[in-house]
Structures are given as C-alpha cells and as structure tokens.
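Reminder, nothing fancy here: chain letters follow the sequence lines and each chain counts from 1.
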Amino acid sequence: MEGSVRVRFAPSPTGFLHIGGLRTALYNYLFARHFDDGTFILRIEDTDQSRYVEGAEEDIIRSLEWCGMTIDEGPENPGAFAPYRQSERQELYHKYAKELIDNDQAYYAFDTTEELDQMRERLQKSGNPSPKYDAITRQSMKNSLTLPQDEVDKRLEAGEEYVIRLKVPRRETVRFEDLIRGHVSFETKGLDDQVLLKSDGMPTYHLANVVDDHEMKITHVIRGEEWLSSTPKHILLYNAFGWDAPQMAHLPLIMSPSGGKLSKRKAEEEGIPVNTKDYINQNYEPEALVNFLAYLGWSPGDDSEIHSLDELSELFTLDRVSKGGAVFNHKKLLWYNEHYLREQSDEELAERLRDIAKNKDIDLPDDETLIKAISLLKERVSKIDEILEMGDFFFKDPESYEEKALKKWKDDSGALVRQYRESIESLDSDNFEAATLKSRLEDVIEKNDVGFGKLMMPLRIAVTGQGFGPDLFASMELLGKEIVIRRLDTALEKLD
RNA sequence: GCCGCGUUCGUCUAGGGGUUUAGGACGCCGCCCUUUCACGGCGGUAACACGGGUUCAAAUCCCGUACGCGGUACCA
C-alpha cells in the first residue's frame, strides 16, 4: 500500500452512539490496526446546529474507549490536522467553496425555501415526478448564473442569505470502485446541484466531508451503505477540486429482526439495546459486543468465532465484508457475553460485582463467600449482573417462594424436611460441609424409602425459594448452618 | 415514482464453475452427564429467491423477474 493508511470515524453528535455507528467505528479501527502504521481518526461532524446534542461527543469517545478502541487523532487528542470538529473549521470550507466559484464549478443561489418549493410544485404539476435543481432548472432560478453580476455583488454585500451550489454536469456517468461492492456507477442526471454551503454559513455534509477527508489525508472512506448513493456527489466534488478521491468501502446495514434499518424505535420494540451506552449501563462485556459486532457483516473465512480486538485487527480485511444487510441477533450476542463472562476469574468478577451492587444498593457478603457464590453461579447467567438476581438467596433469606417450584412441595414434604432438619442440627458449624449434607439427605430418603427428588426439591425451595439453581449442598455449605436451619424453620412454618 | 445496492439453513456466515450427500456458529429439538437449573459432550432439524440462458458441468458466470433495503433535503 502506498503511504500509510488513514481512516476516520465521522459521526454527527446528534445523540448517544448508536450500535450501527459503533460497528462502523469498529471496522474503521480494525482496518487501521491491521496495518502497522495505520491511523484511526475521530472527526466530529457537527454541521447541523439544529440537531446538535450536548454531551454526544463525550458519549461517542467514552463508548469507543469502553470497547477498547484507541483514537489516534481526535478532538481530545488533536494530531497534525486539528481541529477535529467541523464547526471549528468553517473558514476552510468557505475558502474551498469560494475556490469552486472562482473556477466556475459552483455558484451562489439566493432562492428562498418557498421559491424552491414553488419550483418543485410547478415541475411536478407539469408531469415531472422528481423535480431537481439541476443544469436545466438552475437557468430559471435566482442565482449567480442567471442574475447580472452587479446584482449578485449587491446582494452579497447587503448580507442577503445565500447558499453555494455545485454545478453538477447534466449528463455524465460517475464511476467508482467500491472495495466491498466492486464497480458502481451513477448517472448525474438524477442529482440536484448540491448545496455545498448552507445559508447559516455551515457547510453541508458533502462539502465538509470531502474537504476534510482530503485535508486530513484520509486514504479509505469506510462508512455505512446509506452513503452509497451520495458517493457520486463526492466524486464530483473531488473532481471539481482536482483531488484524488480516497478508496471507498460501503458497509452493509445492520437490520432489525423485523426488517429495515435497525432504528431506535424498532430496536426498543424488539428489546434490543440500541445505544452503546445501554450496553455499558446494562453491564455487557465489551469484548462480547466487539466480537459480535465484528462478525455482523464480516467473517475471517474459517470456522473460528472467538477473537479479541487485537486478533480481529490482524484478521480483518475489507474484501471479506459481506454485501447484504445483517440482522441483529441478540441471542448470539448473549452467547458471546456468556463466553467472555466465564473467561474471567471469580476474583475479577467479585470486584466488578461490588461496584454494580453498590449502584443498585445491594449488600454483598465478604469476599470469600462472594467468590464462592460466583463460582457456583457464573455458569448459569448471561450477564454479570444476573449473578445478583440468581444468587439473591446467597445474600438474603427468601422473601417468597417461587410459584412454579411450590408445586413440588407435596403433602409429605414437611415431614421429610423436618427429619432432615433434625439430622443436620446435630452437625458442628465447622462440619457443615457439602459431602456431609448430602449423605445426611441420603440417610433420610433411605429411611423413608423415597426417591431423592422427594426431599431434594422441597429442600431447595426452603433454602433458596427457587426451583432451580446451583448445587444445593455446596450452596448450603456456603450459607452455613445457622442460616440453613433458620430458613428450614421458616419454610416449615409457612408451607407445611 | 426514479436511482442505486443486495438476496446460501429462522439468524450470522463459509463456499465464487466439477473437491458439496452445500461446511461452521447462534437458536431450536433429542440423548448423555447431573436425581434441580445450568455448564460440558454427542447427535438432529434446517438454506443456494424464481425464470431463462452460457457450459460436458452452475449455489458459483450472464440476462430478466420477484422480494428486501438504502437514497432521492440548506439531515447526517
């Protein structure tokens, strides 16, 4: 590859970082890291003042960090091409827009919104289903191509509002090679004369994007497929400036299980967290999200499924990105989450659980007990915080008994549990061990000539309040004699 | 409407003319392990959108059709 690779993730700060945006960032990141000297840049495209959301930029940066992506150049750590917020680069866009006017590639337009609407309406009435501000119509609009030069000057001097539009050629075929899709071509006749500079002085996406990608020496533009049909506009702009366009790669969209782009509304309806922030708040494992997202629209071509961010960087190539949209599969994400959860030691999990419990105002036992509880529970949960719910009985006496489990409490259950209680009451507190507890249970069922489950289930209900869960004898050992006896007494009182 | 891009198991995908009885993963189902629930192990279910070509041979190449998605703004 000629020169070193420079890619950018260029989100608009219009809200929390969306999961689709995160994947775009990830693919850019992986692509950059695939090369020894690749650079991953964050550029904030805040040119739409009306959609700007306070704190969005911060959210984007923290989200990327949480996933383990390091930003080489961005607003918080500017490189040689600062600033990295488009709102701070306005003079640049003005300079280049002016250059285009001077070269007769663009023009001033003074039409008001109403006039534009009128034009479209008029054209539609006369049988044009998709009216354009193009090479034909611009001849009858109010712009520096139709107005006398002195009037144009007068309007500009008077501070009248204007936009700058690109002179899109009337009939031309724009072709480019997309790294993912191959050969793509568009006819310019379907395009408007693009607004480059808006009347509020801000550039449009198209101008800012092209100028910045050029200025920042971006080599590869990797973005979502929703940009594919804008690409000819960008190619036209590169040509107008006489610049080489970067390589283009348009990623397939992430789809909702019900079809269509995974929007905020759809995702919520289907129970899919849509913002990276949600995954952070809901205690997902970042490695799981990263691994899952990487495989959503890409695969290394072998049968492997589990890879760290670094391994993914090594494996990632654009030619292995698939072309079709990829449906978000929440169950698979959970599978990844379980995997990365179980990879962690009980000690690590205990430490993290303390933080989570603190936020939820839950009291946790001492480290020794907690770590043992975790070892019993972590094979049974999908997310770390579920340990708290499933292991609830380790931390406090059951307040109620699960309805479904209660069906297992039969007429003879009370008598059996009572016998067992007597049997273990004589045990030393220090001798309250799983093996002993099990053999005592065997004694009781043998004496009564009943099956294991006859006592096992009622016992489980009494001790945990639930009909499922970790090994009961290990759990009782961990709970200790005092608590177990107390719970048996309570249950006998309430249920028998 | 117009323009563009797609289309292999329910989902993510491998495979890109003969190696394919189309492979893997998630899910689902069953069995084993476990007298709970899980983990784990083993097995099973299930796909080349359709129609025409090209070719000795097509999931793979070409053309249509259908369907899906995206775009069509002084939003990005």
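A cation-pi arrangement is absent between A:R320 and A:F316, since the terminal nitrogen or guanidinium carbon is not both under 6.0 Å from the aromatic centre and inside a 45° cone about the axis. Taking the ring centre of A:Y108 as origin, the terminal cationic atom of A:R155 falls outside the region bounded by 6.0 Å and 45° from the ring axis. The side-chain tip of A:K332 does not point at the ring of A:F292 from less than 6.0 angstrom away and within 45° of straight on.
Rounded to the nearest Å, the gap between the P atom of B:A46 and that of B:G10 is 10 Å. For the P atoms, the distance from B:A73 to B:G68 is 23 Å, rounded to whole Å. For the C1' atoms, the distance linking B:A59 with B:U13 amounts to 14 Å, nearest Å. Between the P atoms of B:C42 and B:C62, the separation comes to 41 Å (whole Å). Taking the C1' atom of each, B:C67 and B:A25 are spaced 27 Å apart, rounded to whole Å. Between the P atoms of B:C37 and B:C31, the separation comes to 12 Å (whole Å). Atom P of B:C48 sits at a distance of 11 Å from the matching atom of B:A22, rounded to the whole Å.
A salt bridge between A:K167 and A:D193 is absent, with no side-chain N of the basic residue lying under 4.0 Å from a carboxylate O of the acidic one.
Side-chain atoms of A:K261 lie closest to B:G70 of the nucleotides B:G70, B:G4, B:U11.
No N or O donor and acceptor, one from the side chain of A:T204 and one from the base of B:C74, sit under 3.5 Å apart.
No hydrogens or angles considered: nothing links the side chains of A:Y420 and A:D443 as a donor-acceptor pair under 3.5 Å. Residues A:Q247 and A:E177 bring no donor and acceptor atom of their side chains to less than 3.5 Å of each other.
Across the interface with RNA chain B, nearest-nucleotide mapping of A:G190 and A:G182 shows A:G182 to be the residue nearer the 5′ end.
Dashed line: the shortest gap from a side-chain N or O of A:T14 to OP1 or OP2 of B:C75 is not under 4.0 Å. Using a 4.0 Å cut-off, no side-chain N or O of A:K404 falls inside it from OP1 or OP2 of B:U36. Taking side-chain N and O atoms only, A:R320 has a distance below 4.0 Å to OP1 or OP2 of B:G15. Note on A:S229: every side-chain N or O is 4.0 Å or more away from OP1 and OP2 of B:C3.
Nucleotide B:C56 is shown with an anti base, its glycosidic torsion being more than 90° from 0.
When the P atom of B:C12 is taken as reference, atom CE of A:M255 falls 9 Å away, rounded to whole Å.
None of A:E270, A:E269, A:K266 except one satisfies the side chain to side chain donor-acceptor pair (under 3.5 Å) rule with A:S256; the exception is A:E270.
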Grab the N/O contacts between the protein and nucleotides 37-44 of chain B below 3.5 Å, and write none if there aren't any.
from	atom 1	to	atom 2	distance (Å)
B:C37	O2	A:R380	NH1	2.4
B:C37	O2	A:G469	O	3.2
B:C37	N3	A:R380	NH1	2.2
B:A38	O2'	A:E379	O	2.5
B:C39	O2'	A:E379	OE1	2.6

